[in-house]
Amino acid sequence: MANSTMVTEFLLMGFAEGWKLRFLYSMLFLFMYLATLLGNLLIVTVTTADQNLHTPMYFFLRNLSILDMCYISVTVPTACVNSLTGHRAISVAGCATQIFLVIFCAFVEILFLMVMAWDRYVAICQPLHYSTIINLQLCVHLTLASLLSGLVYAGAHTGNTLQLNFCGSNEVPQFFCDVPSLLRLSCSDTSSNELSILISAVVVCGGCFILIAMSYVHIFSTVLRFPTQEQGKAFSTCVPHMLVVTVFLSSISYVCLQPSVTSEGTPDIGPSVFYTIVPPLLNPIIYSLRNKQVKEAVRKVILRRVYSRKK
């Protein structure tokens with residue numbers, strides 16, 4: 001260790017080896033990024049402009065959309081630029097910032113999805129008590145608690161990672177900086193870091209998934225007593241939401257629970273794409289295109305813009 005050179009910067013992995021493939025992947029991810037920004041910005045706009053959507057459900061949806069725009073902006077723009085220009089270097093401080101923001105956004109995303117599932121549970125299973133249980137003050141408190149706990153959680157994992165020594169290879173086997181990738185590069189003992197990741201993955205991902213699943217079990221058991229037409233409306237919203245939650249949590253768990261042994265093969269970026277890009281892209285589709293109130297609000301906003309331009 002005494003003769004090793006300490007790492008002062010990291011080299012991020014590109015999307016592919018050849019230029020044509022890198023360009024193709026970069027354009028694909030850039031398109032997904034712009035579509036994500038457009039979809040989530042549209043939700044933020046209509047839920048803010050339409051007074052009829054100033055309800056707890058759309059309050060959480062607006063917060064989720066803002067978070068998703070930040071979440072995907074942490075990784076995709078930098079990765080696309082690096083892949084197209086061939087400039088793969090990122091400073092240690094930049095890498096630490098990226099780790100912190102990715103963990104923060106992913107953690108808060110999980111909490112928001114859990115809160116939204118609980119909100120739907122109260123609305124469907126306890127409709128008479130909904131207005132007394134879910135109010136604006138509670139919504140604000142839940143949002144602030146999610147953000148503050150995310151800061152603590154992300155700060156703890158980022159700090160534990162930065163305490164490690166990196167004195168070997170500086171090539172990160174991922175298109176952005178994340179904790180599992182840096183553990184593979186460290187020349188320190190990472191057993192305590194791996195244990196903390198394992199415990200947090202089981203507690204956070206497993207605990208939130210169980211709570212979300214329990215909410216939807218109660219929702220489905222209640223919906224089955226509805227008329228057939230109402231059942232279809234409820235299932236069309238709940239099933240896609242459960243699918244996104246399952247893909248999001250399972251991909252995070254897969255990445256976090258992979259052994260930190262260095263592999264000479266080409267790393268698989270698929271799971272990372274599924275938890276950093278796919279959920280922010282799909283959430284606007286699930287919560288807007290399948291929602292009559294949001295579609296009607298979008299129509300009103302568009303007509304308002306058209307009339308204002310004609311004047």
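Position 1 is the first residue of the sequence; numbering continues from there. Source: prediction; values computed, not measured. As a basis for the values below, the full set of heavy atoms in this structure was taken, side chains included, without hydrogen atoms, waters or symmetry mates.
Without hydrogens or angle criteria, R120 side chain to M116 main chain gives no donor-acceptor distance under 3.5 Å. Judged by distance alone, with hydrogens and angles left aside, the side-chain atoms of D50 form no donor-acceptor pair with the main-chain N or O of V46 at under 3.5 Å. The main-chain N or O of L183 is never found under 3.5 Å from a side-chain atom of S186 such that the two would form a donor-acceptor pair. Side-chain N or O atoms of T78 include none that pairs as donor or acceptor with a backbone N or O of T75 at under 3.5 Å. Put simply, the side chain of N170 gets close to the backbone of E9: a donor and an acceptor are under 3.5 Å apart. Looking only at distances, no side-chain donor or acceptor of D119 sits under 3.5 Å from a matching main-chain atom of V115. Between the side chain of S188 and the backbone N or O of T190 there is no donor-acceptor pair closer than 3.5 Å.
For the pair N193/V179, no side-chain contact is recorded, criterion being any heavy-atom separation below 4.5 Å from C-beta on. A heavy-atom distance below 4.5 Å is not found between the side chains of L28 and L24. Looking only at side-chain heavy atoms (C-beta outward), L249 and L113 stay at 4.5 Å or farther from each other. In this structure, P77 and Y33 have side chains that are in contact, with non-hydrogen atoms separated by less than 4.5 Å. Looking at heavy atoms from C-beta onward, F112 lies in side-chain contact with N63 at the 4.5 angstrom threshold. With contacts defined as side-chain heavy-atom distances shorter than 4.5 Å, the pair P284/L38 does not qualify. Between V74 and F100, the closest side-chain pair of non-hydrogen atoms is not below 4.5 Å.
In this structure, a donor-acceptor pair under 3.5 Å is absent between the side chains of E109 and Y275.
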*Carefully, step by step, assess C139 and F60 under the rule side-chain contact (heavy atoms from CB on, under 4.5 Å).*
CA-CA 8 Å; C139 294; F60 292 128; 3.7 Å; yes

*Take Q126 and H129 through the side chain to side chain donor-acceptor pair (under 3.5 Å) test and state the conclusion after the steps.*
CA-CA 6 Å; Q126 303 180 34; H129 303 285; 5.7 Å; no

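In the hydrophobic clustering of this structure, V108 does not group with V152; members are Ile, Leu, Val, Met, Phe, Trp, Tyr whose side-chain heavy atoms approach within less than 4.5 Å, directly or through other members.
Note: Q137 CD to L142 CG = 10.5 Å, rounded to the nearest 0.5 Å. Rounding to the nearest 0.5 Å gives a distance of 11.0 Å between OH of Y71 and CG of N283. Residue M27 holds its CE atom at 12.0 Å from CZ of R22, rounded to the nearest 0.5 Å. Expressed to the nearest 0.5 Å, how far CD of E171 lies from CZ of R184 amounts to 14.5 Å.
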Side chains of residues 200-214: which donor-acceptor partners sit under 3.5 Å, not counting sequence neighbours?
unit_1: S200; atom_1: OG; unit_2: Y153; atom_2: OH; d: 3.2
unit_1: S200; atom_1: OG; unit_2: S196; atom_2: O; d: 2.9
unit_1: S200; atom_1: OG; unit_2: I197; atom_2: O; d: 2.9

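When all heavy atoms of T47 and V44 are compared, the closest pair comes out as OG1-O, 3.3 Å. Pairing each heavy atom of F29 with each of V76, the nearest pair is O-CG1, 3.7 Å.
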